[in-house]
Every structure is written in structure tokens, then in C-alpha cells.
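Just so you know, these numbers use all the heavy atoms, side chains as well, and skip hydrogens, waters and symmetry mates. Each chain gets a letter, A, B and so on, in the order the sequences are listed, and its residues count up from 1.
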Amino acid sequence: MRTTMKKILWAVCATAVLGMFLPAAVPAADEIVFGVIEPLSGPFKDVGDRYVNGAKFAIEQINAEGGLLGKKVVAAVEDDALKPAIAARKAKKLILKKKTKFIMTGTGSHITLSLAKVAKKYKVINLTYGTEAAKITGSAFTPYTFRCCLNTDQHSAAIVEYMVRKYPQYKKYYIICQDYAFGREAAEGFKKKFKEIAPKGARIVGEIFHPIATKDFAPYVSAIMASGAEVVLSGNWGTDLRLLIKHGASLGWKVRLGNYFLNDPLVLQEVGKDSIGHVAADAYMITIDTPENKAFLAKWATKYKDAPLAYRYPTLSTGRAYYAVRFMAEAIRKAGTTDVQKVIKAWEGMEFQAAWGKVRMRACDHQMITPGVASEVLPTSEYFDFPYVGKPMIIPAEAITTPPAETGNPRCK
Amino acid sequence: MTHTRTKNVLTVLIVLAALVVLPYLLTEVQLNMAIEIAFFSLFAVSYNLLLGYGGVLSFGHAAYFGTGAYFMVFALKYVAGMPILPAVLVSGVAAGLTAAIVGFFCVRLGGSYFALLTLAFNQLIYAIALKWRSLTGGDDGIGLDKHDMYLPFVGNLDTMSTFTVYYLTVIIVLISLWLIRFFLKTPYGNTVACVKDNEERAAFIGYNVFRSKLVLFTMAGFFAGIAGALFAFFEEFVSLDSINMAMSTEVLFMAFIGGTGSFLGPVLGAAVFIYFTEWVSDITEHWEFFLGVLFVLLILYANRGIIGLIPEKIKNFWSPRSASAGER
Amino acid sequence: MEAYAVQAVHGVVYGMLLFLVTSGLTLVFGMMGVLNMAHAAFYMVGAYFTYSLVQWTGSFWLCLLLAPIGVGIIGAFVERALLRKVHTFGHAHELMLTFGIFYILAEVVKWIWGTYPLTVVAPDVLNGSVPFLSATYPTYRLFILLVSVIVLFILAFIMQKTRIGIIVRAAVFDNEMVDILGVNVQLVFLGVFSIGSALAGLAGVVAAPFLSTYPGMGLEILVDAFVVIVIGGFGSVWGALLAALMIGELQSFGIMLIPELALVFQFLLMAIVLVWRPQGLFGESA
Amino acid sequence: MTLALKDVNTYYDKSHILQDVSFSIQEKEVVGLLGRNGVGKSTTLKSISGVVTPRSGSILYKGKELRGLKPHQVTKLGIGYVPEERRIFPNLTVQQNLLIGVQSRRARAQEEEAWTLERAYDLFPQLKARQSSKGGNLSGGEQQMLTIVRTLMGNPDLLLLDEPTEGLAPMLVEVVTGVIREIHGSGISILLVEQNFEVILELTSRTYVMSKGRVVFEGTSAQLADNHEVRKQYLEV
């Protein structure tokens with residue numbers, strides 16, 4: 001038994017070693033490769049899956065419309081397990097083996113920051129359609145990095161704008177965020193905007209940072225309830241969002257929660273009616289009421305009608321990834337070449353028509369300037385059989401844009 | 001005896017020559033991987049000081065790897081004109097000191113107690129790195145800005161070049177491995193290395209088990225820190241992933257898969273681990289499952305690791321002196 | 001004043017949930033000297049079983065019985081087919097093996113149930129609130145308290161009053177002698193490990209509607225559980241109880257008084273206890 | 001013949017401890033096993049009781065092969081083993097210690113003479129007095145009593161005793177000797193490993209002497225008492 005097992009193990013190892021030296025496919029000359037790097041294993045797989053599907057769908061559409069610069073666009077997808085070192089390794093592989101000049105991710109600011117180092121070294125474009133840390137386009141800026149999603153300042157501002165405009169009667173705000181870089185930045189964003197536009201007499205009555213993956217929110221909820229808060233602002237995601245809402249509702253809190261990620265069906269499916277009346281904001285939502293968006297949803301349905309819940313509709317990240325890739329493709333088209341320096345030049349300051357309105361790539365920090373959308377969770381939805389966000393309020397770009405001088409980017413003075 | 005020695009010297013020369021010419025034979029992707037294997041080898045060997053020689057299972061070795069990585073960034077970022085080699089040394093010392101402090105609490109205890117405490121301290125150090133955002137960048141991580149490296153007689157080296165990073169890494173790893181090996185062969189090192197086998201006897205004949213274990217723990221931390229510094233230098237970016245429990249697990253996998261019973265087993269383990277994760281993760285998203293199964297099968301049927309699976313004859317040819325610390 | 005009372009109750013509830021999670025771990029460690037890293041995976045599997053069983057049978061109450069049994073069977077298999085084989089290799093190998101099993105089970109769970117968070121809805125009777133001071137308190141939290149207290153009493157009764165309990169306590173000291181006296185110690189080990197696993201499964205059932213069911217739930221509870229048994233003293237049920245309650249209260253009051261340190265409360269508590277009593281509050285000296 | 005060992009070979013790792021050991025015990029007999037330290041006496045008992053498994057040979061007990069059985073299986077067949085180190089459970093009370101030894105199935109089988117707590121306490125009143133103190137708080141003599149009685153609770157037909165008088169004061173040695181005689185009187189066969197020659201002469205009818213893992217002498221105790229050569233060569237220091 002023991003020796004047989006040893007022999008089998010030995011054979012497996014030997015096969016493995018041989019397998020490693022199999023040649024990798026080299027792309028054809030008439031292809032443009034977009035390298036998509038996302039977590040496709042581990043607990044964040046569903047997040048990664050969505051981005052990949054959004055990006056892939058954009059690439060299919062581009063090809064269906066005749067390709068890019070007369071070439072076919074190909075998606076090369078790699079799993080980074082949400083680890084910067086692995087993301088960097090995969091990016092190098094894509095760049096050196098598949099000759100890609102465009103790498104992208106939407107999950108984890110640390111991944112984008114790590115990829116920025118690789119992109120700078122090998123001089124390729126590093127696109128993010130989902131990582132929000134301000135310093136990506138701020139203090140850690142490199143000319144190769146472009147961001148086609150909201151940053152934390154914009155995202156927080158959109159939520160505060162919605163609350164203040166729609167519910168000027170609320171006077172007591174409370175901030176609860178996860179105790180790490182993203183949570184802290186989200187809170188900063190809330191406070192900055194609140195200070196700017198707070199109704200008379202309104203104030204922030206409390207601010208709390210809890211550890212990531214907190215199991216019991218009851219102590220926090222009780223503290224919030226004791227403060228008499230009417231609005232709770234939060235950047236929480238994942239279980240920290242679901243449990244905050246569930247434990248809040250079970251203890252009978254009477255607050256309106258404004259959050260970054262509430263338009264995620266995976267969250268709303270679980271928390272169900274406890275989420276009604278809470279507010280989400282983003283750059284894109286499927287409930288946007290424009291003909292362009294209707295057309296986009298119809299096209300999406302042709303491919304993903306029976307897909308898993310996470311990307312059956314282009315909710316949350318999928319829609320963003322789609323438009324980001326389209327935007328980049330337009331920049332490449334405008335440059336007329338895949339030469340990276342020329343694409344950078346062409347993209348800077350460029351405008352693009354997205355489903356929710358006009359967006360622009362700010363030249364100095366490569367941050368997409370866009371209107372925001374914010375909406376409340378309604379009891380019923382035409383898309384899902386659980387409560388989901390309704391038609392959004394469009395918040396103009398000027399209301400949520402960080403002035404260049406405040407970005408911390410040396411190029412923006 | 002002379003015959004063996006000749007063969008040893010020859011083997012060493014062949015390996016050295018191979019390492020020198022390797023960059024000219026490999027593609028850049030493979031070269032990058034070779035660099036990763038090099039510093040992870042050192043990390044795994046340092047871990048094996050605890051598991052193989054000390055006979056204790058640590059779930060917190062990433063704490064020192066991460067400390068080294070962060071200090072590498074700090075040294076190059078906050079100390080103007082800091083040369084690279086001293087920066088690596090500083091990182092190792094920082095990690096070693098951390099290990100000494102943690103070790104002071106942990107090494108008194110054995111078995112499961114030790115495992116749990118190292119895990120808890122790993123979490124504590126992780127929490128510090130997470131909280132101290134102004135210094136570490138918290139969850140966003142922190143970039144390392146390279147500058148050129150000046151070497152006497154050689155001149156300025158372009159540290160952006162993968163070649164330079166390769167040679168630098170391999171040389172530091174080889175020197176470190178040699179130092180560890182050298183130490184283990186000194187009389188004092190020998191008593192330290194045997195602490196697992198004769199803990200009771202050792203305590204009986206009156207030498208200080210606590211001190212031996214602490215020395216071993218500190219040394220393991222120091223070299224993990226050096227490996228971490230090389231990691232930071234290669235990645236040009238350090239984040240919490242270098243210091244969290246997953247990294248501690250990976251190094252356990254590397255050391256054990258390679259073989260804890262021999263000095264070089266973990267080197268093999270690091271190579272296999274990196275290739276395995278790279279290769280299998282391309283095939284299936286469930287690669288961690290297969291990694292776990294491999295690990296469990298090795299524990300059940302081949303607890304000397306892959307190196308224990310190599311037929312004796314081949315092994316005897318390559319390393320006539322077999323490992324000093326044997327796992328039963 | 002009332003705010004403090006509410007926080008105190010929150011702390012007790014969460015503390016008792018932590019105790020429920022760690023009770024099986026403590027039992028197995030105390031009896032077999034095995035620090036079962038797979039415990040957290042068993043806990044997670046318990047929660048996922050609950051999800052599927054509720055889907056099939058529609059009854060959460062049934063899960064309270066069936067899910068622990070299912071997990072107990074997995075535990076029995078692990079002990080009989082794997083753990084026993086490495087026993088002679090020593091503690092490090094046992095620990096590594098249970099860790100490997102944790103690793104595999106976590107992947108298997110993702111493979112079978114996917115990575116989406118799954119919804120387990122508690123029965124209506126547990127979903128309401130009961131009046132408490134000037135407000136209300138969720139019934140489910142009281143249910144958690146109830147289950148944990150019942151488990152505590154059953155464990156205490158078995159350990160103190162039954163022959164099985166006496167055998168288990170004797171085997172902690174000298175399992176070979178117990179064997180010599182005619183007790184099949186292997187069988188006792190098998191039983192204890194299964195029951196320990198089943199307790200993890202039960203904790204998973206109770207946690208499923210409360211803490212949400214998702215792939216990271218095992219790892220996230222693992223460290224907390226370990227801190228509890230370090231503070232409480234390895235293998236001591238009473239120690240685990242006290243430590244879990246301390247952590248629960250610390251979380252509750254700590255965030256009111258020193259929120260900045262919320263992340264490290266349990267580690268600070270652990271550090272203090274270790275400096276003062278390295279063997280933990282109730283531990284025999286190591 | 002109750003117990004018969006034939007060509008038993010036992011190893012610890014690579015060292016060959018028992019070498020072709022053969023001997024036998026008749027029903028209701030008290031047999032002594034003698035020899036210097038480290039000649040394999042304790043290993044012989046361990047081999048019979050299943051604590052270690054001999055590599056070859058056979059151990060027949062009432063026609064059943066014992067080699068390969070686990071200790072608890074051997075115990076269930078009716079062999080009680082009292083190891084040399086007392087190995088009481090210090091965290092349990094005297095009564096709880098005794099309870100662990102109970103074999104209810106065997107008790108039912110020999111209902112008439114079954115050992116019960118009452119009978120044990122009758123025999124050892126000092127244990128009754130201390131029934132609720134922790135085992136760890138007993139004196140050496142009390143601990144020795146406790147280990148013997150604990151094994152008796154399993155109602156053995158054959159008792160393996162490993163140096164029951166070791167380290168006891170002369171007065172206690174006498175007490176223990178009395179106890180063993182009493183146990184024998186109740187119809188139990190005994191294999192007694194002893195260093196104390198007086199005790200052997202007093203209690204046993206036959207003896208075996210071991211040296212370096214082999215049986216080197218067998219005969220009645222009286223024969224051994226007369227055989228100065230054997231005593232000089234194998235027993236006296």
C-alpha cells in the first residue's frame with residue numbers, strides 16, 4: 001500500500017513537471033490581446049467572474065462591430081487569487097508571452113497598484129474598472145494607469161448628494177466603515193462632501209471603524225441607535241454589508257443606509273426586505289432609464305439570460321467593466337495604433353458616450369470624470385424576485401468630481 | 001572520502017555554473033519564475049529550521065517574511081541614498097528582532113501551543129501592518145522605488161533589469177543558504193539543530209534548551225526577513241499578502257512538500273510549489289483542492305516529502321551525506 | 001445605563017456563540033491532544049448542510065439534528081481513515097493533517113455550493129423580537145444563547161457524572177492505561193472526535209442564519225476560536241466558556257470605549273493572559 | 001493449561017528484546033518470573049497484555065491466540081495487567097479510578113464471585129475511607145492497592161503483576177503479599193514479576209528465570225531456592 005502510493009505520487013509529480021514545459025499558445029499577428037486579471041479562485045471568485053464577463057462581453061461586441069483597427073480583439077484571462085504578487089506574475093506572463101499591451105483588473109486596489117509597477121516597467125496600459133483607492137490616480141500615479149470607475153471621493157460624494165438632496169430633513173448622520181485603507185478613504189469622502197453640502201443643523205453624530213469580517217454587528221448597531229442617527233453612511237461590502245443590514249434590521253434600527261455596493265443582487269438576495277429604503281450609488285446601474293441602456297441590456301440578455309445571478313444582468317461591476325473596455329477601445333481607435341504612448345496621448349482628455357451620459361478622461365490624473373447614479377432599494381423589481389434598486393437619480397459630474405489640485409497627483413496643479 | 005569530496009566540489013561547481021548561465025537559456029517569464037523560486041527557497045529553508053530541525057510547527061512564519069519585505073521598502077524609501085545590500089541586511093535584522101521578541105513567548109511551549117501562538121502573533125503583526133496605514137499603506141500596499149545599485153569594481157547596475165535582479169537574488173540566497181548550513185555544522189549549531197531529537201536529554205545534561213530554540217527561531221526569522229526583502233525588491237510592491245496567514249501556509253506547504261528531513265528539501269518544495277500553483281491554476285480554478293490533496297497524501301504516505309520519494313540511488317549520487325535532521 | 005445593559009447582553013450572546021464554536025475543539029484537544037484545524041471547516045460544512053437541508057426539507061429544526069450528525073460522520077471518517085494513521089508521527093503531523101483537511105474541505109465547499117453567499121432563513125418563531133428594557137431584542141439571539149447553554153450543561157453533565165465522562169478524563173492523562181483496563185480507547189477517540197465535529201456542525205447550523213453562509217466563514221472564525229482556547233487554557237471547557245464570554249464583552253464594550261483598538265482586542269487580551277498565565281486561565285501548566 | 005507462550009519474539013524498533021520465550025501457567029497457579037533489570041520481564045507482560053505486539057511466536061490463552069490483540073481485547077478475555085509504574089489517574093477520585101476498571105459483561109458472566117465496589121472496599125477499608133479523594137493525593141502504598149483493585153474490578157481469571165512491592169516499605173510489602181495471597185485464594189491465576197526473592201518464595205509454586213531476553217531456568221520455587229548457581233548467575237547483584 002505504502003509503496004504503491006509512493007509510486008503513484010512519484011508519477012504524479014513527474015507528470016506535473018513535464019506538463020509545465022508544454023508550449024504556450026502565441027497569439028496571431030492580427031489579434032489585439034486584452035489581458036484580464038481577476039480573482040477566479042478563492043472567496044472572491046464571484047467578484048472576478050463578473051468583471052471578466054463584463055470585459056468579455058465588451059470585446060465580443062467590439063469584434064461583432066468589425067474589430068479594432070481591422071484586428072480581432074482577444075481576451076486573455078488570468079486568475080490572480082487576489083494576491084498582488086501572483087497578479088504581477090500573471091501580468092508579466094501576459095505581456096511577455098501573449099504580447100498584450102493592455103492589462104486590466106477591477107478587484108483590489110492593491111492589485112492595481114502592484115500591476116502599475118509591472119505596467120510601468122514593461123510600458124503597457126494598466127486599466128482599472130473597479131478599484132477605487134484615491135492614490136491610484138493620486139500620489140501613486142503612473143502615466144500608464146487609467147481608471148474608468150469612480151474613486152472613493154466620487155463614490156462617497158454621490159451617496160451624500162443623493163441623501164442631502166432627497167432627504168434634507170435628516171439631521172443626524174453616522175458613518176460606519178471597515179477599518180482598513182478603503183473604509184477609511186470612503187469615510188473621508190463622506191465627510192468631505194458632507195461638510196460641503198450639509199443642510200443647516202445637520203451633523204455627523206458618530207463615526208466608527210470596525211474590523212473587516214466582523215461577525216456580530218449588534219454592538220455597533222446599538223451604538224448607532226443610541227446616537228439617534230437617521231442616516232448611516234457606509235463603504236462596507238461582502239459579509240460586512242450583509243450582516244450590518246441584517247443585524248441592524250433585527251435590532252429594529254430606523255435608519256436609511258447609504259452604501260457603495262447595494263446594487264449587488266448577491267447582497268440584496270440575501271438581506272431581502274431588510275434592505276428596502278437603503279441607498280446605493282455607482283457610475284452605472286441597470287435601472288438607468290435611457291434608450292442606450294435599454295439597448296445594452298437587450299444585447300446582454302441575448303448572451304447571459306440564463307447566467308448565474310451575479311451576471312445575469314450587468315449589475316454592479318459588470319456594466320462598469322463593459323463601458324471601461326469600450327472606452328479604452330475607442331481610445332485605441334482614436335490613436336489609430338496600439339502603440340502605448342500614442343494611445344495614452346489619444347486617451348487623455350477624450351470624451352465618450354456611456355449609457356448614463358457623457359464621460360471624459362481627465363488628462364492630468366487619468367481619472368474618468370463621470371456623472372454618478374444613485375438609487376433606493378424598492379420592494380419589487382422588474383429584474384429580480386427580491387427587492388432591488390429602482391430608477392436612479394443622475395448626479396452631475398461636477399457635483400462629485402475632485403478638483404485636480406486635491407487629487408494629490410503632482411501632474412494636477 | 002576524497003572521492004566523495006571531489007564529487008561534492010564538482011556538484012557544487014556544476015550547480016553554480018548552471019545558475020550563472022541560466023538567464024541566457026530561459027525566457028524572461030521563466031527567469032522571473034526562477035527569481036521567485038530563489039527567494040521562496042530561502043524562505044522555505046528558514047521555515048524548515050523550525051519544522052525540520054526544531055520539530056515545531058509554526059503557523060506564523062509570514063510575519064518575518066512580511067516584516068523583512070516592509071523594512072526593505074522603508075529602508076529604500078525613508079533613508080536617502082540607502083544602498084541596496086545594507087537595506088537587505090536591515091530588513092533581515094528587523095525580522096530577526098521581531099522573531100526574537102515573538103520567540104521569547106513562543107518557544108517555551110511545544111506542539112500545538114507553539115502552533116497556535118505563532119498563528120496569533122502572526123495575526124497581531126498583520127493587524128499592526130493593517131492599522132499603521134501611514135507607514136505601510138494598509139490594505140493598499142506600498143510601492144518600492146528602486147534606485148541603481150553601486151558595486152565596487154563593477155560599477156552601477158541597472159536594478160530594473162531582470163538579469164540584475166536575478167543575479168542579486170541568487171547570490172544573496174546562496175550566501176544565506178551557505179551561512180545556515182555553516183552554522184548548523186558548528187558545534188554550537190549542531191546542538192541547536194538537534195534540539196528536536198534530544199530535548200529531554202539536552203535539558204538533562206544541562207544546556208539551555210530555551211536559548212537554543214530561541215536562537216533557532218530568531219535565525220529562522222532573520223533569513224525569512226532576507227527572503228522577504230528580496231521578494232519586495234523583485235515585486236517592487238509589498239502588501240498585506242506578504243504578511244498574512246495565507247503566506248504562512250504557503251511556506252509550510254513548500255517546506256513540507258519538498259521534504260523537511262533534508263536541508264535542501266524545501267528548495268525543491270519551493271520550486272514545485274510555484275510551478276504547481278502556476279501550472280494547475282491554469283487548468284482548474286480548484287487548484288487549491290489539488291494542492292490540499294497532494295499535501296495530505298504526502299503526510300499520510302510520504303512524510304519525508306518529495307525528496308523522500310526520489311529513489312535512494314539517485315539521491316546517494318547527488319548528496320552522499322544525507323540530511324542531518326531526519327523525520328521519522 | 002440601559003445602553004450598557006444592552007451591550008452586556010450582546011456580549012453574552014456573541015460570547016456564547018463563540019463558546020459553542022470552540023466547545024468541540026476544546027473537547028478534542030483536551031482528550032486527544034489534537035489541535036483540530038479542520039474544526040472550522042466542520043463548522044462551515046454544518047452551515048452549508050443547513051442550507052441544503054432547509055432547501056430539501058423546509059425545516060430548520062430538523063437541521064439542528066441532521067446537520068451535526070452529518071458533520072459527525074465526516075469527523076468519524078477523518079479520525080478513522082486519516083488522523084489515526086499519522087498518530088505515531090507526532091503532534092506536528094496531526095496538526096498539519098487537520099490543516100490539510102481544512103484546506104481541502106474549504107475547496108470542496110466552494111466546489112459544491114459555489115462562492116455566493118447563501119441565505120438560510122430561520123423559522124418565523126425565531127425571527128421576531130421580544131420586549132427588552134425600553135426596546136426589543138431579536139429572538140434569534142436568545143435562541144443562540146439557549147442552544148449554547150444547553151450544550152454547556154450536557155457537556156458538563158457528561159464529563160462530571162457519567163462513566164463515559166470519567167473514561168474521557170482518564171484518557172486525557174493516560175490513554176494506554178485506560179486501554180489496559182479494558183476500554184477500547186480507539187473507539188473512545190473516534191467517538192470524541194465525532195462528537196467534537198458534530199458540535200462544530202451544530203455551531204454551523206446556529207450560525208447559518210445569523211452570520212450568513214459563505215466560503216470565508218470558516219477561516220474567519222478559526223482565529224477567534226483559537227484565541228478563545230489559548231486564553232481559556234487548552235482543553236478546558238470552563239476555560240473556553242470564560243474566555244469566550246470575556247471576548248464577547250470586550251467586543252461589546254471595547255467598541256464603545258476604545259473603538260480604535262477593536263481589531264486587536266482579542267489579541268491584546270491574549271497577550272495579557274499569556275504574560276500573566278502562559279497556560280491560559282484554566283489550563284494545566286504546559 | 002491456562003496460558004502458554006511459545007517462541008515469542010518481541011522487538012522495540014530494531015532491538016530484539018524477547019528471544020524465543022516459551023513458558024506456561026496452569027489454572028489457579030501462581031508463577032514467578034524473575035531476572036535482573038532489563039532482561040525482558042516487563043516486556044513479557046506487555047507482550048501478553050497486548051501493549052506491545054510480538055513479531056513472531058504464539059501466546060495462547062485458553063486456546064485463543066492473543067498475539068495481535070489490543071490491550072482492551074486481552075482484558076476482555078479475562079487477563080488483568082497491573083503495570084509496574086502505578087499509573088493511577090491523578091485527576092479522578094479513588095472511586096472513579098475503580099469505575100474505569102469495571103467490566104460489566106465479565107461481571108455478569110461470573111455473577112457469584114464478581115468484584116464490586118462493595119467487595120473491593122471490604123477488602124481495602126483504607127480505600128473506602130479515601131473514596132472521594134483525588135488519586136493524585138494517595139500515598140505510594142495506597143496507590144499500589146488502588147492499581148491492583150482497579151484491575152480486579154475487571155474480574156480477571158489471570159492477573160499479570162509487575163513488581164507490586166517495588167519501592168514499598170517492608171510493612172507494606174507484607175500487606176501486598178497478603179493481598180496477593182487472598183486474590184489467589186479467590187481462584188485467580190497470577191503471573192508475578194518480582195525482584196524480591198522472599199516474596200517469590202512465599203507466593204509462587206513455580207518460577208521462570210530470564211536473562212537477556214531468554215528463559216534460562218524453570219522449576220519449582222523450592223528447586224530455585226536450592227539452585228545456588230542459577231541464583232548467583234542470574235539473580236544476585
### Proximity breakdown for B/Phe114 and chain C, heavy-atom pairs closer than 4.5 Å
neither
### Query
Taking B/Lys131, B/His286, B/Gln123 one by one, which has the highest count of heavy-atom pairs under 4.5 Å against chain C?
B/His286
### Query
What part of B/Leu117 is in contact with chain C, defined as an atom under 4.5 angstrom from a non-hydrogen atom: side chain, backbone, both or neither?
side chain
### Residue pair B/Tyr47 / B/Glu250, side-chain donor-acceptor N/O under 3.5 Å
no
### Query
For B/Trp132, does the CH2 atom sit with more than 12 other heavy atoms under 6.0 Å from it, leaving out its own atoms?
no
### Query
Heavy-atom distance under 4.5 Å to chain B: side chain of C/Leu222, backbone, both or neither?
side chain
### Query
Given that the side chain runs from C-beta out, which part of C/Phe102 has a heavy atom under 4.5 Å from chain B: side chain, backbone, both or neither?
neither
### Query
Roughly how far, to the nearest 0.5 Å, is the OG atom of B/Ser242 from the CZ atom of B/Phe43?
9.0 Å
### Heavy-atom donor-acceptor pair, C/Ser194 side chain to C/Leu190 backbone, under 3.5 Å
yes
### Summary
Ranked by heavy-atom pairs below 4.5 Å to chain C, first place among B/Leu116, B/Leu124, B/Leu57 goes to B/Leu116
### Task
Show the numbers, then the answer: is there a side chain to side chain contact (heavy atoms under 4.5 Å, CB included) between B/Phe289 and C/Ile104?
CA-CA 5 Å; B/Phe289 172 78; C/Ile104 292 172; 3.5 Å; yes
#### Entry: Centroid separation C/Trp113 to C/Tyr48 less than 6.0 Å
yes
### Summary
Honestly, the part of C/Leu105 sitting under 4.5 Å from a heavy atom of chain B is neither
